Chemist: 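Let me begin by handing over the structure; questions about it come next.
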Amino acid sequence: MGRGRVQLRRIENKISRQVTFSKRRSGLLKKANEISVLCDADVALIVFSTKGKLFEYSSDSSSMDTILERYENYSYAERHQLPINDPHLQSQGRWSMECPKLMSRIEVLQRTIRNLGGEEIDPMSLRELQQLEQQIDTALKRVRSRKNQLFHESISDLQKKVRSFVQ
């Protein structure tokens with residue numbers, strides 16, 4: 001005997017809602033993987049949590065961009081009622097979608113810069129914060145190393161000048 005039907009409405013209890021999200025998200029990712037493997041389909045799945053955390057799946061780790069590009073070209077063709085296999089459309093669709101992709105990339109890079117500056121870190125998970133801390137530690141080591149190198153070079157130059165004046 002199976003479970004009863006679940007009434008689809010927002011779960012009011014925050015903890016229950018988070019637990020349900022986590023379980024259903026993993027089930028959804030599992031189903032996406034299954035349809036990809038069983039049917040040899042290209043699958044891309046994007047889920048954002050209420051805190052803005054990104055969860056994504058693509059049937060091939062490098063194919064998320066490829067699948068999204070295909071989707072953009074297809075939806076562009078449908079919006080403009082063009083045949084999908086038109087080579088001109090593929091070229092035009094590629095260029096018309098390049099700007100939003102670049103804008104999105106700029107936004108991600110700007111967010112990364114803000115995160116490195118200690119801003120907008122509230123929605124980040126513990127793992128993301130640990131990665132950020134490691135990146136900052138690595139950057140700090142590089143900065144200190146370069147600073148020490150410049151100090152040594154400066155001291156060496158000053159010592160040479162002192163020797164030249166003494167002689």
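Small disclaimer: the values here were computed from a predicted structure and weren't measured.
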Chemist: Could you check if a side-chain atom of Asn115 sits within less than 4.5 angstrom of a side-chain atom of Arg111, using non-hydrogen atoms only?
Modeler: yes
Chemist: Any side-chain heavy atom of Pro123 sitting closer than 4.5 Å to one from Lys53?
Modeler: no
Chemist: Side chains of Gln130 and Gln134: is there a donor and an acceptor less than 3.5 Å apart?
Modeler: no
Chemist: Please name the residue in the list Arg146, Lys147, His152 that meets the side chain to side chain contact (heavy atoms under 4.5 Å, CB included) test with Leu150.
Modeler: Arg146
Chemist: Between Ser145 and Arg142, is there a side-chain heavy-atom distance shorter than 4.5 Å?
Modeler: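 SC-SC contact between Arg142 and Ser145 ruled out.
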Chemist: Look up atom CZ in Arg25 and atom OG1 in Thr20, then write down how far apart they are to the nearest 0.5 Å.
Modeler: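 Here the rounded value is 12.0 Å.
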Chemist: In this structure, would Tyr57 and Leu28 fall into the same cluster of hydrophobic residues linked by side-chain contacts under 4.5 Å?
Modeler: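 Yes, Tyr57 and Leu28 fall within the same hydrophobic cluster.
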Chemist: When rounded to the nearest 0.5 angstrom, what is the spacing between CG in Leu116 and CZ in Arg114?
Modeler: 11.0 Å
Chemist: Do Phe21 and Thr50 have side chains that approach each other closer than 4.5 Å (heavy atoms only, starting at C-beta)?
Modeler: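 Phe21 does not reach Thr50 side chain to side chain.
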Chemist: Can you check whether Ile15's main-chain N or O pairs, donor with acceptor, with Gln18's side chain at less than 3.5 Å?
Modeler: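 Looks like no, no N/O pair under 3.5 Å.
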Chemist: Heavy atoms, side chains only, cut-off 4.5 Å: are Ser59 and Val37 in contact?
Modeler: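 Side-chain contact under 4.5 Å: no.
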Chemist: Quick one: pull up CD in Glu34 and NZ in Lys31 and give me the separation to the nearest 0.5 Å.
Modeler: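 So the CD of Glu34 and the NZ of Lys31 are separated by 5.0 Å.
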Chemist: List the steps and the verdict of side-chain contact (heavy atoms from CB on, under 4.5 Å) for Val43 and Ile67.
Modeler: CA-CA 7 Å; Val43 177; Ile67 294 171; 5.7 Å; no
Chemist: Is Asn33 reaching over with its side chain to a backbone N or O of Leu29, donor-acceptor style, under 3.5 angstrom?
Modeler: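 Pair absent, no side-chain N/O of Asn33 close to backbone of Leu29.
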Chemist: Once you round to the nearest 0.5 Å, how far does CD1 of Ile35 lie from CG of Leu45?
Modeler: 11.5 Å
Chemist: Are there more than 12 heavy atoms of other residues, nucleotides or ligands under 6.0 Å from atom CG of Asp40?
Modeler: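 For Asp40, atom CG is not crowded (no more than 12 foreign heavy atoms under 6.0 Å).
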Chemist: Say whether, by atom type as modelled, one donor and one acceptor occur between the side chain of Ser36 and the main chain of Asp42 under 3.5 angstrom.
Modeler: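 Looks like no, no N/O pair under 3.5 Å.
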Chemist: If we only count heavy atoms from C-beta on, is the Arg17 to Lys14 side-chain gap below 4.5 Å?
Modeler: yes
Chemist: Go through the steps to decide whether Gln131 and Gln135 satisfy the test side-chain hydrogen bond (donor to acceptor under 3.5 Å, both in side chains), and finish with yes or no.
Modeler: CA-CA 6 Å; Gln131 289 174 343; Gln135 289 173 340; over 6 Å; no
Chemist: Can you tell me how far CD of Glu119 sits from CD of Gln110, rounded to the nearest 0.5 angstrom?
Modeler: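 Reported to 0.5 Å precision, the distance equals 11.5 Å.
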Chemist: Do any N or O atoms from the side chain of Ser16 and from the backbone of Asn13 form a donor-acceptor pair under 3.5 angstrom?
Modeler: no
Chemist: Answer whether the closest heavy-atom distance between the side chains of Ile155 and Gln159 falls below 4.5 Å.
Modeler: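 Yes; the side chains approach each other to less than 4.5 Å.
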Chemist: OG1 of Thr112 to CD of Glu107: how many Å apart, nearest 0.5 Å?
Modeler: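 Output value for this atom pair is 10.5 Å.
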Chemist: Side chains of Met124 and Ile121: does their closest heavy-atom pair fall under 4.5 Å?
Modeler: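 A side-chain contact under 4.5 Å exists here.
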Chemist: If I compare all heavy atoms of Leu54 with all of Glu56, which pair ends up nearest, and what's the gap?
Modeler: CD2-OE1, 3.2 Å
Chemist: With a 4.5 Å cut-off on side-chain heavy-atom distances among I, L, V, M, F, W and Y, is there a chain of contacts connecting Val19 to Ile11?
Modeler: no
Chemist: Can you give me the closest heavy-atom contact between Met64 and Ala44, atom names plus distance?
Modeler: SD-CB, 3.6 Å
